2 protein chains.
Amino acid sequence: MATKARRTPRRTDALSRELIVETATQILDADGEDALTLRALTGRLSTGYGALYHHVANKGDLLAAAADDVIARAMTDVATDAEPRETLRALALSLFDAINAHPWIGAQLSQGPWQPALLEIYESIGEQLQALHIPEQALFDSAGALMNYILGVAGQNAANARVRADKGVDRTAALAAVAAQWARLDPARYPRLHKAAARLGEHDDRRQFLAGIDLFLAGIETVHGQGEDD
Amino acid sequence: MATKARRTPRRTDALSRELIVETATQILDADGEDALTLRALTGRLSTGYGALYHHVANKGDLLAAAADDVIARAMTDVATDAEPRETLRALALSLFDAINAHPWIGAQLSQGPWQPALLEIYESIGEQLQALHIPEQALFDSAGALMNYILGVAGQNAANARVRADKGVDRTAALAAVAAQWARLDPARYPRLHKAAARLGEHDDRRQFLAGIDLFLAGIETVHGQGEDD
DNA sequence: ACCTGAACACCGTTCAAGT
DNA sequence: ACCTGAACACCGTTCAAGT
């Protein structure tokens, strides 16, 4: 008896959580957050919903796993053999760049900050601050604040990138639009913004992010440090 | 001829954008982000979808307006007659508290940072930093970094609160769970986290947030300041 | 001008049924 | 054990029709 023709060709190799997460990341990177639907994923993987749900708990689990992978990869790229301040800057920039390259991570960062890769970050920041001889209680606060700053700011930045991508405008055009808006503000009510409008053209998110890191480090050393150790 | 009975009683007073935003905020505060559906909103307002869409562009617009209202209200509560450092701390805490009291704002903060109320924040931070005699270019960076820190960290914090609310666990229980997880980590690989587990019980998000603000301000004054002016 | 609400085009998730 | 895919219970949004 003739077998019924299959609607879709069935995949021959086994599905795995890894493959699912990897494919999800590809869709997210290529077409953005909204493009990752379970329908799109079943299509791309030539499989059904049940198969996916057999390997991941739900869509949130999938997104968290994808974000965790990217963050973990960014962390292994950081050279840790340099001087502590330099290592911290490198770590911060690596995370900033990773989050900017995969803006969909932004939404995940705020979904419970105790994912595996975040442990890595916290531990690493703690290690560098300890090398700077920050006393223990201060280290606790400083590491937390620094980590919050990095993830918070990078996340905000990624969100901006996402909004720009959705609207289809590039960074320069978006900045010009904001500058025009600020320039239109009442100089009596918003004197600083009105003035800052002229300077927005030279604004660089990455540089400003790093400037913030430096201010933070300067603050940490001023308040808690025992001076330079080189 | 008898008029057909109405399915639902029609509202007698006119609808307004203000009333819609206000009602949305009530639903968000009472029952969380997921509870705000357009269906719930039409029900509560005894109206139809078209009526809502006549006053707001879409759901995103509605959420942005609600968040903007709360932030604006938090800003007007800040006393600005104190010393600049104190005013900045008060401003930061007021925003932190507002975002924590309305955790759904967190998701909005990252949806394009140029909403009206954010202008107010930036202007106010700039004003206080100027009073601290920070030179202009440094002021640009410092104000941006400070604003990013405040919104980023408060947003992260609100997200944690949201996750806790969804899972129905209180803060103490959540902290205890994290502490247990950290304690289980390999002390060789995560020495600092393993050790920090014991200290998590005394962790206070709000205090740590403020500690970060202080480090930031110390950094700003160290790098750019001209000493105390009092 | 302002509003109604059935209908549309999607979602994520479940689950009986297959191999 | 692993997978299929129709079906379910939702969404946000539209739009012809009413007043």
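First the proteins, then the strands, lettered A, B, ... as listed; each starts at 1. Worth saying up front: this structure is predicted, and the values here are computed from it rather than measured.
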Contact class for A/L41 vs. all strands (heavy atom < 4.0 Å): base, sugar-phosphate, or nothing?
nothing
Do you know which two heavy atoms are closest between A/L28 and A/A66, and how far apart they sit?
CD1-CB, 4.5 Å
Whole angstrom value for the distance that separates P of C/dC11 from OH of A/Y53:
13 Å
Between C/dT13 (C1') and A/L62 (CG): distance, integer Å:
14 Å
5'-most contact on DNA chain D: A/R39 or A/H55, nearest heavy atom basis?
A/H55
Nearest of D/dT13, C/dG12, D/dA6 to any side-chain atom of B/L38?
D/dT13
Reckon A/L36 touches a base, only the sugar-phosphate, or nothing at all at heavy-atom distances under 4.0 Å?
sugar-phosphate
Give the rounded distance in Å between these two atoms: CD of A/E33 and C1' of C/dC11.
15 Å
Of A/H54 and A/Y49, the one whose closest DNA chain D nucleotide lies more 5':
A/H54
pair_partner(D/dA9), Watson-Crick or wobble, both distances < 3.5 Å, evaluates to none
Evaluate the ring planes of A/F209 and A/Y149, with Trp represented by its six-membered ring, and classify them as parallel (under 30°), tilted (30 to 60°) or perpendicular (over 60°).
parallel
Using a strict 4.0 Å threshold on nitrogen-to-oxygen distance, state whether A/R17 and A/D61 make a salt bridge.
yes
Spacing between B/I20 atom CD1 and C/dC2 atom C1', to the nearest angstrom:
11 Å
What is the distance, rounded to the nearest whole Å, between atom CG of B/L52 and atom C1' of D/dG12?
11 Å
Find which nucleotide of DNA chain C each of A/D34 and A/G50 is nearest to by heavy atoms, and output the residue with the more 5' nucleotide.
A/D34
Under a 4.0 Å threshold between the charged nitrogen and the carboxylate oxygen, would A/E202 count as salt-bridged to A/R207?
no
Distance check needed: C/dA1 C1' versus B/L15 CG, whole Å only.
13 Å
Selection from D/dC11, C/dC3, D/dC3 that lies nearest to any side-chain heavy atom of B/A51:
C/dC3
